[in-house]
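In each ligand, atom 1 is the first atom listed, and ligand 1 is the first ligand listed.
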Amino acid sequence: MQDHTIPSGLHVAMILDGNGRWAQSQGQRRLYGHHKGAKALKNVVLACPDLGVRYLTVYAFSSENWKRPKEEVSGLMSLMEQYLEEEIQALADQGVCLKVIGNRQRLAPSLQKLILKAEALTEGNGRLGLQVALSYGGREDIVKATQKLAMCVQNQTMRPEDITETHITQVLWTYPWPDPDLLIRLGGEQRLSNFLLWQLSYSEFVFLPRYFPDFTVQDFREALMAYSQRQRKFGALPSDTSESASMASA
Ligand code: IPE
Ligand code: IPE
Ligand code: MG
């Protein structure tokens, strides 16, 4: 049942952080934390439709995470393959449309193939859009977008002075998805770590101290409730404080 205090049709972006620290706090290896994180993600995805979330974008592996020890990177990549293989049919059955954003060329061919298969299988599903940022960096997204527009200028299909915000939006990896309404970061850090730099320009932020493997549906609901209390202004004045409104009530 829909929770009516939370607006529907939301796009929520999440930085799934704290897996390693969670594992270390349990005396376990970091990779164990990533496995637990994958389980927590399953519950988050399942909860989305009932919480009014229409799009969910999750930061699973950044372009900078390639700098981690080889063992952790290969463990994470195997986990992604395993997750896709085991979960994709269930996701399709739940009406999830999966899309992966990021530099795919850096991923193993086997993982690239699985991603294409998963995207084809879930294409057109309309209950939840699940966008997974994998080998993703916000700056790289903007660099690649700039290269695409520069090509248009070079082949004279566009003049530099004609480039608008809409054109840039249309060549980012996230297109045609809307910008996130809310960003939730787990794990206690209060930074973007190169996530969706263009797309988060007017999103609301919620930072939670909890490590991602401990994140519950109740935490998710509370973050959405906090979002529902925010007043989004996009640089304008809220209608009830505008001069004409206050003069009318005088
Ligand atoms: C987030 O958890 C998952 C990835 C970055 C792949 P971390 O691995 O960053 O966990 P912490 O922040 O070290 O605890
Ligand atoms: C951001 O977390 C990337 C993901 C959660 C996938 P990091 O753990 O990599 O970020 P920093 O290094 O703390 O900024
Ligand atoms: Mg981290």
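Contacts between H34 and ligand 1, counted as non-hydrogen atom pairs separated by less than 4.0 Å, involve the side chain only. In R68, the part holding a heavy atom less than 4.0 Å from any atom of ligand 1 is the side chain. Residue-level proximity to ligand 1 for R30 is carried by the side chain, the only part with a heavy atom below 4.0 angstrom. The proximity of F195 to ligand 2, defined as any non-hydrogen pair under 4.0 Å, does not occur for either the backbone or the side chain. At a heavy-atom cutoff of 4.0 Å, ligand 1 is contacted by the backbone of A60 but not by its side chain.
Across L16, N194, L196, a single residue satisfies side-chain contact (heavy atoms from CB on, under 4.5 Å) together with Y59, and that is N194.
Residue contact annotation: Q24 has no non-hydrogen atom under 4.0 Å from ligand 1. Contact between K67 and ligand 2 is absent, with no heavy atom of the residue lying under 4.0 Å from the ligand. Remark: distances from the non-hydrogen atoms of G18 to ligand 1 include one below 4.0 Å.
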Worksheet item: Between R232 and D181, is a salt bridge (Lys or Arg N to Asp or Glu O under 4.0 Å) present by the stated rule, with each step listed?
Response: CA-CA 10 Å; R232 301 183 75 186; D181 298 292; 2.9 Å; yes
Fill in: Full working for side chain to side chain contact (heavy atoms under 4.5 Å, CB included) between L56 and V44
CA-CA 9 Å; L56 178 72; V44 170; 3.9 Å; yes
Discussion item. One pair to check against side-chain hydrogen bond (donor to acceptor under 3.5 Å, both in side chains): Q218 and E222. What are the steps and the verdict?
Written reply: CA-CA 6 Å; Q218 184 55 24; E222 283 171 19; 3.2 Å; yes
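For ligand 1, the polar-atom distance check against W22 finds no nitrogen or oxygen pair separated by under 3.5 Å.
Within ligand 1, counting atoms from 1 as listed, the ones closer than 4.0 Å to a heavy atom of R21 are 11 (P), 12 (O), 14 (O). Below 4.0 Å from some heavy atom of L76 lie the following atoms of ligand 1, by number and element: 6 (C). Residue D17 approaches ligand 1 through these ligand atoms, each under 4.0 Å from one of its heavy atoms: 1 (C), 2 (O), 7 (P), 9 (O), 10 (O), 11 (P), 12 (O). Which parts of ligand 2 touch S193 is read off a 4.0 Å heavy-atom cut-off, strictly below it: atoms 1 (C), 10 (O), 11 (P), 14 (O).
If you check which protein heavy atom lies closest to atom 10 (O) of ligand 1, you get G20 N, 3.0 Å. Atom 13 (O) of ligand 2 has its closest protein heavy atom at R191 NH2, 2.8 Å. Scanning the protein for heavy atoms near atom 1 (C) of ligand 1, the closest one is L16 O, 2.9 Å.
A donor-acceptor pair shorter than 3.5 Å can be found between the side chains of T169 and W198. Side-chain atoms of S135 and W66 form a donor-acceptor pair, as typed in the model, at a separation below 3.5 Å. In this structure, a donor-acceptor pair under 3.5 Å is absent between the side chains of T122 and N125.
Relative orientation of the F195 and Y136 rings is perpendicular, given thresholds of 30° and 60° on the angle between their planes.
Listed for the D141 side chain is no donor-acceptor partner under 3.5 Å among the backbone atoms of G138.
Minimum-distance N/O/S atom of D17 relative to the Mg ion (ligand 3): OD1.
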